[in-house]
Number of protein chains: 2
Amino acid sequence: MINPDLLLQFNAELIKIEKGHIIFDYGSKAQFYFQVKSVEVKMNNVNRDGKEFIQGIFYAGQSFGEPPLFADVAYPAGAEAITDAELYRLPKDIFFELLKQNPDTHLKISEVLASRLYYKAIMASEISSQEPEHRILRLLDYTKKHIHDLDSTDVLEVDLTRQQIADLTGLRVETVIRSCKSLEKKGEIQIKKRKIFR
Amino acid sequence: MINPDLLLQFNAELIKIEKGHIIFDYGSKAQFYFQVKSVEVKMNNVNRDGKEFIQGIFYAGQSFGEPPLFADVAYPAGAEAITDAELYRLPKDIFFELLKQNPDTHLKISEVLASRLYYKAIMASEISSQEPEHRILRLLDYTKKHIHDLDSTDVLEVDLTRQQIADLTGLRVETVIRSCKSLEKKGEIQIKKRKIFR
DNA sequence: AACCATTTATGATTTGAATCAGTTCTGGAA
DNA sequence: TTCCAGAACTGATTCAAATCATAAATGGTT
C-alpha cells in the first residue's frame with residue numbers, strides 16, 4: 001500500500017521467498033515492514049495448537065504483519081509464502097521514519113489497519129453466528145470486494161481451495177464442501193468444474 | 001487515548017449519554033471520533049440477525065468506532081452506553097486535522113488500531129478453535145492485560161455478566177456457566193459469590 | 001419484609017458440525 | 001498412457017454445544 005518508489009527511496013530491500021518458506025514465526029518479534037511486490041502472491045498464517053487458522057491471504061501491493069510493529073507485541077501468527085513471492089522489506093525504525101516524513105502515507109496505513117479491523121469485526125460476528133453458509137458467503141463477498149475490487153455485479157472466480165476456505169472460516173473441509181453444494185442449490189454461488197463463482 | 005486537553009483545544013464536544021441509549025447505529029455513516037471520558041463506562045455493539053455479538057466493551061480513556069472513520073465504510077455494529085456515560089465527540093474532518101497537526105497522536109491512534117487488530121486476530125483463531133473454555137480464558141486474559149493493565153500475578157475480578165461473556169465469545173449463557181464451573185474445578189479461575197476471579 | 005427483575009444455575013433433549021473412513025475426480029509428471 | 005498426489009466428494013457415526021424448560025439465588029426497590 002506504500003508507494004514502491006517511496007519504499008525504495010528509503011532503501012527497502014527486495015527479497016525473494018520460495019513457496020512454502022517461512023517469512024516470520026508465530027511469537028517472534030516484529031522487526032520489519034513487509035509489502036508484497038509482484039505476481040499474485042498469497043500468504044497464510046498458522047496458529048499453534050494443531051489446527052490451522054488463516055488470518056488472511058495477501059496479494060500484490062498489500063502489506064502484512066504491521067500490527068505487531070505498532071503495538072509492540074509478538075506475532076500472533078506465523079507467515080508463509082504459498083507461492084514464490086517477492087517482498088519489500090523495511091526495518092522497523094526506518095519504517096517509522098518514513099511515516100513521520102510522509103503523513104499521507106501514514107494515513108493510508110491507518111486506513112489499511114482500519115479496514116482490516118472492519119473485516120475482522122464482521123468476520124468475528126459472522127463466525128460467532130455459527131451458520132457455516134453465512135461464514136462462507138461473507139468470506140467470499142469480502143474477498144470479492146476488498147481483495148479483487150469487484151462490485152456486486154461482477155462475477156468472482158474464487159481461487160481458494162476448500163481447505164483454505166475452511167481454514168479462513170474456522171470450519172472443516174467436509175463442512176465447506178457440503179455448505180457450498182447447498183449454497184449452489186440455493187443459487188447463492190455457482191460451481192463449474194469444481195471452481196466456485198460468486 | 002487522545003489527550004483530553006488536545007481534544008478540547010480542537011473544540012471537542014463533551015456529551016452525556018444515558019444508560020441504554022444509542023450512540024450510533026449499525027450501518028450508519030461515521031461522522032465523529034468518540035472517546036470515553038469518565039467513570040467506568042462500558043459500550044457494547046449489537047449486530048443484526050437476532051443474535052448479539054459484542055465487538056468490544058470500552059472504558060474510560062478509550063476511543064471507539066474509529067475504523068469506519070478511516071476506512072470510509074458504514075459501522076459494522078451499533079454502539080450503546082451500558083451505564084451513564086460521558087463522551088468526547090469530535091467531527092470527522094476536525095479529527096483528521098488534529099491528526100495532521102499532531103503526528104505523535106496519529107501514531108498513538110495507529111497503535112490502538114494495531115493492538116485491537118492483534119486482539120481480534122487472537123480471538124478469531126481462538127473462537128474458530130471452538131473449545132468454549134479456551135475462548136473464555138482468552139477473553140479473560142485479554143481484558144486482564146489490555147483493559148485493566150494487570151500482570152499475570154495480579155487477580156482480576158471480572159465485572160462481566162455471564163451473558164456478556166457469552167456475547168463476547170459467541171457462546172450461549174448456559175455454556176458459559178457450565179464452562180466456568182468446569183474451569184473452576186480445574187483451578188483456572190475462582191468463583192466467589194458468583195463473581196469470577198482470574 | 002415482600003416484591004421483582006436480573007443473573008445464575010441445572011437437567012433433558014435436539015441438532016448439526018466434527019470426525020472417521022473411504023471413494024472419485026483432476027491435472028501434472030514420468 | 002499410466003501413475004500419482006492433491007483436491008473434491010460422500011455416507012455413517014459421534015459428540016458437544018445449542019436449545020428448551022424451569023428453578024434458585026441475588027441485589028435493588030418500594
Would you check if Lys92(B) and Asp72(B) make a side-chain contact, meaning some heavy-atom pair closer than 4.5 Å?
yes
Evaluate the side-chain proximity of Phe10(B) to Asn102(B): yes if any heavy-atom separation is below 4.5 Å, no if none is.
yes
By nearest atom, which of the nucleotides [options] is closest to the [X] side chain?
X	options	value
Arg194(A)	dA8(D), dT10(C), dT7(C)	dA8(D)
Thr161(A)	dA7(D), dA17(C), dT10(C)	dA7(D)
Arg162(B)	dA17(C), dA17(D), dA9(C)	dA9(C)

Starting at [atom1] of [X] and ending at [atom2] of [N], how long is that distance when rounded to a whole Å?
X	N	atom1	atom2	value
Glu131(B)	dA17(D)	CD	C1'	12 Å
Ile191(B)	dT26(D)	CD1	P	13 Å
Asp167(A)	dA8(D)	CG	P	12 Å
Leu160(B)	dT8(C)	CG	C1'	15 Å
Leu183(B)	dA9(C)	CG	C1'	16 Å
Ile165(A)	dA7(D)	CD1	C1'	12 Å
Leu171(A)	dA8(D)	CG	P	15 Å
Ile177(A)	dT26(C)	CD1	P	14 Å

Please check if the distance between the ring centroids of Phe70(A) and Phe96(A) is under 6.0 Å.
yes
Which is more 5' along DNA chain D, the nucleotide nearest Ser179(B) or the one nearest Glu174(B)? Just name the residue.
Ser179(B)
Salt bridge between Lys144(B) and Asp141(B), side-chain N to carboxylate O under 4.0 Å?
no
Salt bridge or not between Arg198(A) and Glu188(A)? Use side-chain N to carboxylate O under 4.0 Å.
yes
With a 4.0 Å cutoff (strictly under), does any side-chain N or O of Lys193(B) reach OP1 or OP2 of dA25(D)?
no
Identify, between Lys181(B) and Thr175(A), the residue whose nearest nucleotide on DNA chain C lies closer to the 5' end.
Lys181(B)
Does the dG11(D) base have a donor-acceptor partner in the side chain of Arg178(A) within less than 3.5 Å?
yes
